[in-house]
Amino acid sequence: DIQIPDVNKVVFKAEVIDNCVPSKIIFTAVNVPSNCEIIWNTGDSYRAYGDIAEYSYLETGEYSPTVNIVYNNFVIKTEKLDEIIINQPSVIKINFENSENLYYFTCNNKEELSILWTIDNQQFSEKDIRYEFNIAGEHLIMLAVVNEYGCKSETTEKVNIVVEHVYYVPNAFIPTSNGVNSEFGPIGENMDFASYQMVIVDASGNTIFESTSPEFMW
């Protein structure tokens, strides 16, 4: 007579690590007799094997996985697992309008989303934001959203900013004037240069002063 193993104490579990495409599921069976094999039917025509098996669903939908205990090539027990629902991350795009360097950023998706903008290391949680750039150069706009199913989506956009620096450099100064025209350097508005360097040399070409900030004058 063939002695069929006792499988009444076998416990199955399907742990959903991420319910958003591409999702990750870990199937686990405990108390499995050593001479039995576990076969997982994921519900989308795929089979996984072993007491512990990992699987990723690549399509949204509702899946009804089952599991078989096999002994001597015979299925001695089949059990249905809880239904698994896989959701889709939201498709997002950054829209923007601008007037000079004042930008108006919006997300094209009209779903109820949790939103986080990141611009110049600053973060904003409003759906639509206005932001004024004061530094010339290429700036990265990052948008991260989480939809009602907990699925996260991210996208980026680049904007190139040109700042008109209004300034002048005096052609004379008085070092001993106790603060009145006593420094030499640029004076004006929008002095947040992306790159700045001022070098003063003497008649022999020797550097006698150097600055990398418009605030540090000679």
Side-chain angles (χ1 to χ4, degrees), residues 4-5 7-97 103-119 121 123-129 138-159:
I4 297 177
V7 293
N8 291 322
K9 295 182 180 180
V10 179
V11 178
F12 303 107
K13 179 182 178 182
E15 181 182 5
V16 181
I17 305 301
D18 190 348
N19 69 333
C20 305
V21 172
S23 70
K24 181 180 178 182
I25 313 295
I26 298 179
F27 296 102
T28 306
V30 296
N31 300 325
V32 180
S34 59
N35 52 356
C36 290
E37 181 183 21
I38 301 298
I39 301 177
W40 308 90
N41 300 295
T42 59
D44 62 349
S45 302
Y46 182 84
R47 288 186 175 185
Y49 299 85
D51 293 359
I52 300 177
E54 293 186 6
Y55 184 70
S56 293
Y57 291 97
L58 303 180
E59 301 286 343
T60 59
E62 299 180 3
Y63 299 92
S64 300
T66 61
V67 58
N68 294 327
I69 301 178
V70 178
Y71 174 70
N72 275 352
N73 295 321
F74 290 97
V75 175
I76 58 175
K77 184 176 182 179
T78 299
E79 186 169 318
K80 285 186 176 182
L81 303 178
D82 291 339
E83 188 176 70
I84 297 175
I85 300 176
I86 305 301
N87 300 297
Q88 180 73 39
S90 299
V91 178
I92 58 173
K93 178 184 177 183
I94 297 174
N95 296 328
F96 62 88
E97 299 176 357
Y103 276 71
Y104 178 56
F105 295 103
T106 62
C107 176
N108 71 319
N109 195 300
K110 302 304 179 183
E111 300 175 40
E112 288 296 325
L113 303 170
S114 174
I115 288 181
L116 182 65
W117 299 90
T118 303
I119 306 175
N121 294 320
Q123 294 186 326
F124 310 90
S125 58
E126 295 84 358
K127 188 171 185 178
D128 307 325
I129 63 169
E138 189 175 74
H139 294 254
L140 183 65
I141 316 303
M142 294 182 287
L143 173 62
V145 307
V146 178
N147 64 20
E148 61 178 315
Y149 307 110
C151 300
K152 185 176 181 179
S153 303
E154 296 179 334
T155 189
T156 60
E157 187 70 54
K158 293 179 180 179
V159 295

Any idea which heavy atoms bring [X] and [Y] closest together, and the distance?
| X | Y | value |
| --- | --- | --- |
| Phe27 | Pro65 | CE2-CB, 4.2 Å |
| Lys24 | Ser56 | CA-OG, 4.1 Å |
| Trp40 | Thr28 | CH2-O, 3.4 Å |
| Lys9 | Asn31 | O-ND2, 3.0 Å |
| Pro89 | Lys152 | CB-O, 3.9 Å |

Might you confirm whether atom [atom1] of [X] has over 12 heavy atoms from other residues, nucleotides or ligands at distances under 6.0 Å?
| X | atom1 | answer |
| --- | --- | --- |
| Glu97 | CD | no |
| Glu126 | CD | yes |
| Asp82 | CG | no |
| Glu79 | CD | yes |

Are side-chain heavy atoms of [X] and [Y] found at a separation under 4.5 Å?
| X | Y | answer |
| --- | --- | --- |
| Tyr55 | Asp44 | yes |
| Ile92 | Asn108 | yes |
| Thr42 | Tyr63 | no |
| Glu148 | Glu112 | no |
| Gln123 | Leu116 | yes |
| Val16 | Ser23 | no |
| Leu143 | Ile141 | no |

Quick check: does any side chain N or O of [X] sit under 3.5 Å from a backbone N or O of [Y], one acting as donor and the other as acceptor?
| X | Y | result |
| --- | --- | --- |
| Ser153 | Ser90 | yes |
| Asn147 | Gln88 | yes |
| Asn109 | Glu111 | yes |
| Tyr57 | Ile25 | no |

| message | Under a 3.5 Å cutoff, is there a donor and acceptor pairing between the side chains of Thr66 and Asn41? | response | yes
To the closest 0.5 Å, what do you measure between [atom1] ([X]) and [atom2] ([Y])?
| X | Y | atom1 | atom2 | result |
| --- | --- | --- | --- | --- |
| Glu37 | Ile76 | CD | CD1 | 11.5 Å |
| Thr155 | Lys93 | OG1 | NZ | 9.5 Å |
| Leu113 | Cys107 | CG | SG | 6.0 Å |
| Ile129 | Phe124 | CD1 | CZ | 5.5 Å |
| Phe12 | Lys77 | CZ | NZ | 5.5 Å |

| task | Using side-chain contact (heavy atoms from CB on, under 4.5 Å) as the criterion, point out the one residue from Val21, Ile85, Asn19 that pairs with Thr60. | result | Val21
| query | Picking from Asp51, Ile69, Ile4, Asn68, what satisfies side-chain contact (heavy atoms from CB on, under 4.5 Å) with Cys36? | reply | Ile69
| Which class fits the ring pair Trp117 and Phe105: parallel under 30°, tilted 30 to 60°, perpendicular over 60°? | tilted
| remark: Contacts satisfying salt bridge (Lys or Arg N to Asp or Glu O under 4.0 Å) that involve residues 65-74 (not counting sequence neighbours) are none
